[in-house]
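Some notes on the structure that comes next.
Quick note on labels: first sequence line is chain A, next is B, and so on, each numbered from 1.
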Amino acid sequence: MFKVQFMSIHARPRPISHSCTLEKTKYLLKVSADTRNLKLGKVLHGQLIKRSAESIEDVVIQSNSLINHYAKCRQMSLACQLFDRMLERNLVSWSSLMAGYLHSGLSSEVLRLFKTMNLDGTLQPNEYIFTTVISSCSDIRALEEGKQCHCYVLKSGLLSYSYVKNALLYMYSSCSDVQGAFEVFETVSGSDILSYNSMIHGLLEHGYLNKALEVLIKMVSEPVVWDNITYVTVINLCKHLKDLNLGLQIHNRIFRTGLKLDVFICSAIIDMYGKCGKIFSARNVFDGLCNHNVVSWTAIMDAYIQNGCFEEAFNLFIQMERKGVLPNECTYAVILNSCAELSSLRHGDVLNARIKKSGLSDYVIIGNALINMYSKSGDVESGHQVFSDMTYRDIITWNSMISGYSHHGLGREALEVFQNMLAAEEAPNYVTFVGVLSACGHLGLVDKGFYYLNQIMKGTGVTPGVEHYTCIVGLLCRAGLLKEAESFMRSTPVKWDVVAWRTLLNACHIQGNFGLGKKVAETILELDPDDVGTYILLSNMYAKARRWDGVAKIRKLMRGRNIKKEPGVSWIEIRNNIHVFVSEDKKHPHSSQIHEKVSELLSLIKPLGYVPRIDTVLHDVEDEQKEEYLSYHSEKLAVAYGLMIAPIGGPIRVIKNLRMCDDCHCAIKLISMVTNRKIIIRDANRFHCFKNGSCSCGEYW
DNA sequence: CTAGGGTTAG
């Protein structure tokens, strides 16, 4: 009440009555510091100058109060001036100034001050000084200096202060020294809730999920009271573990303890439910929160996107803007992801323009999201443009560019980016090598692939996993070395999955190795007796070998297990609309014209050598009808529609949910030639860029 | 008169 009265009466600088004692001034300076009220502090400062202090000690305390005030108000030059003019300083003078620098983002200045103070030698650092200095080390990731502080702390016996212990723990964890953090955590007695929060958060951040879970279990057995931050951290752990059960238990615990949900906790819960596939639970939490901020909006959008509801995410984006909440860099990254999933180049371009206008382009996550969006929308060149323009890059940037090029079959470009990455001294990781090895596959560079696997990967300390070995299988297959691929699989001690075996099976199909294919298919069906892809490939293989009895057998098997081929769906974005085509469906308003267009295109390419692959049609119908079924494949419909109404001359971009079939691949190659158009198709596996009668995949996919 | 931990992206 006193504060309010004072501020309303003395809003502008003027002498304060003598009844305002020194004690009161000191108290008010603390208030002005804590409320960041620069003006009030300046008034008090003026007051103090006019008054002579009783003792040297009083002068020091007054100056400290002022330094603290200016430091809290981020007026570091004023704070520093006062500090420099002091004839005598105590530990509070130093620590107030240091804390100011730390919070103003000038941590290196804190370390410099600490050195100066130690050189002087008259003052021994106390727990306050260490807490601030160690926090500064965390801030600028100065592990070496942090370790030195640790030694110093051990000598001075100040580790018993929880502030110091937790600062050290946090320092090790932010400097990625999880071992060091764990040592502090376990060897120093007395863990409070902050120790647990920092420890779990640190382990989580560096991917030690099981270790984090262990600490959580230990924390549950201790009589510590959880706070809001504990809940945020633990919910995050559930998200990373994808452990919905644990998440539900934590959510329950919040209800039981009657904790007030803040926007931090809600955002974390929304995110956790979203990543665990519980979109309705996520929505409930979102709706129950009254003070939404940009983070909670972004979390709910992402939850929808994670669950394939892209349109709802776009709607939420519009709603958020209507409420006057400005999107930030994460919001754009999330929405760009949605564009990437849909291959919505047009929406992505519009967003990019808005990002440029709002000045968010320099965020690494924005650049990364744009590279991803452009690559997945079939415009890897624009992705590379973004990449080139980026001032700061991280591991995700490099990986996105490498795998972007790789998916487009541009192996040479992918490897070039990888070389530049090494030259830029960015350490490659697990994901990097998946892109690199698949690039070798596209180029058919068998020796180079093995060189990367055996030499470069070992050199960088990345342990190869099944994804890398699968790339090697693909590489051998592509080079026609099926036997070698098979023996590689049988001799490499790794848990091969269906994806790996299907790579080999697909090669058997493409290269007509019926015997091996049958064997491989058996292996896959032992792993997963319902693998649709295998049945389809197997049936296609029988058809290719003209073994109609085999085709019939497979169909019977599929019927018996009630396995249905997922319908092929393709879509194309024209202007602002997305047009969806499902194989054999005639629901599109222009259905008959589109079918006419397909027939027209097919009759144009037949003289050029197109022969309908009726042998691959699974239906029990006459040949003529089989040909008709082929012409109703969703990608043919989408391409035809694109040629009918998309802007003349530009590329046609189509997205398909499954892999392209042989027949469509063959037909669209020739269509690209007769229409003189670039046709880019993103299928479940990769991109096919058709131009002048050939495809970027080099006839192998 | 001085000190610590959290949410949305890949």
Side-chain angles (χ1 to χ4, degrees), chain A residues 25-27 29-30 33 57-58 60-69 71-72 90-100 102-103 126-136 138 158 161-171 173-174 192-202 204-205 227-236 239 262-272 274-275 289 292-303 305-306 327-337 340 363-369 371-372 394-397 399-400 403 431:
Chain A
T25 314
K26 217 169 73 184
Y27 167 75
L29 265 176
K30 185 173 161 53
E57 227 185 314
D58 270 353
V60 174
I61 293 177
Q62 281 170 27
S63 303
N64 289 350
S65 299
L66 284 168
I67 291 172
N68 179 46
H69 165 257
K72 289 259 164 69
N90 66 10
L91 285 169
V92 180
S93 328
W94 288 91
S95 60
S96 302
L97 189 68
M98 285 175 172
L102 168 63
H103 294 126
N126 66 359
E127 68 277 18
Y128 283 87
I129 300 281
F130 275 121
T131 305
T132 307
V133 173
I134 295 167
S135 300
S136 304
S138 315
L158 293 166
Y161 286 96
S162 64
Y163 272 93
V164 177
K165 176 192 169 173
N166 291 334
L168 271 174
L169 204 163
Y170 186 72
M171 182 277 294
S173 150
S174 21
D192 58 13
I193 194 62
L194 262 108
S195 322
Y196 281 108
N197 292 348
S198 296
M199 202 59 227
I200 297 175
H201 179 80
L204 196 57
E205 185 145 281
D227 64 9
N228 287 33
I229 297 178
T230 318
Y231 283 105
V232 168
T233 310
V234 171
I235 291 161
N236 244 327
K239 170 183 85 177
D262 66 13
V263 70
F264 282 77
I265 298 183
C266 283
S267 305
I269 299 178
I270 292 166
D271 189 37
M272 182 270 293
K275 300 259 158 54
L289 179 69
H292 291 115
N293 66 5
V294 63
V295 180
S296 57
W297 278 105
T298 307
I300 190 69
M301 281 178 225
D302 190 46
I305 292 165
Q306 296 289 330
N328 69 6
E329 69 282 8
C330 288
T331 322
Y332 280 116
V334 161
I335 288 293
L336 280 171
N337 257 332
Y363 281 95
V364 178
I365 61 162
I366 290 283
N368 296 350
I371 294 172
N372 184 43
D394 64 11
I395 178 86
I396 310 288
T397 319
N399 289 353
S400 305
S403 59
V431 179

A:Ser173 side, atom OG; A:Leu168 side, atom CG - distance, nearest 0.5 Å: 12.0 Å
Sugar-phosphate only, base, or nothing, as touched by A:Val263 at under 4.0 Å among non-hydrogen atoms: base
Protein proximity profile, nucleotides 1-6 of chain B - base contact B, sugar-phosphate-only contact S, no contact -, cut-off 4.0 Å on heavy atoms: BBBBBB
Partners meeting side-chain contact (heavy atoms from CB on, under 4.5 Å) with A:Thr230 (sequence neighbours left out): A:Ile193, A:Asn197, A:Met219, A:Trp226, A:Asp227, A:Val234
Smallest separation among heavy atoms of A:Leu336 and A:Ala369, with atom names: CD1-CB, 3.8 Å
Value rounded to 0.5 Å, distance of CE in A:Met301 from SG in A:Cys330: 11.5 Å
Distance test, side-chain N/O of A:Lys275 to OP1/OP2 of B:dT8, below 4.0 Å: no
Sugar-phosphate only, base, or nothing, as touched by A:Asp394 at under 4.0 Å among non-hydrogen atoms: base
Nearest-Å distance for atom pair CE/C1', residues A:Met272 and B:dT8: 15 Å
Shortest non-hydrogen contact between A:Glu127 and A:Leu158, atoms and distance: N-CD1, 3.9 Å
A:His292 NE2 - B:dT8 C1' separation (whole Å): 13 Å
Sugar-phosphate, base or nothing in reach of A:Glu205, heavy atoms under 4.0 Å: nothing
CE on A:Met199 to OG1 on A:Thr233, rounded to 0.5 Å: 12.5 Å
Separation of B:dT8 C1' from A:Ile235 CD1 (nearest whole Å): 14 Å
Phosphate OP1/OP2 of B:dG10 contacted by A:Gln306 side-chain N/O (<4.0 Å): yes
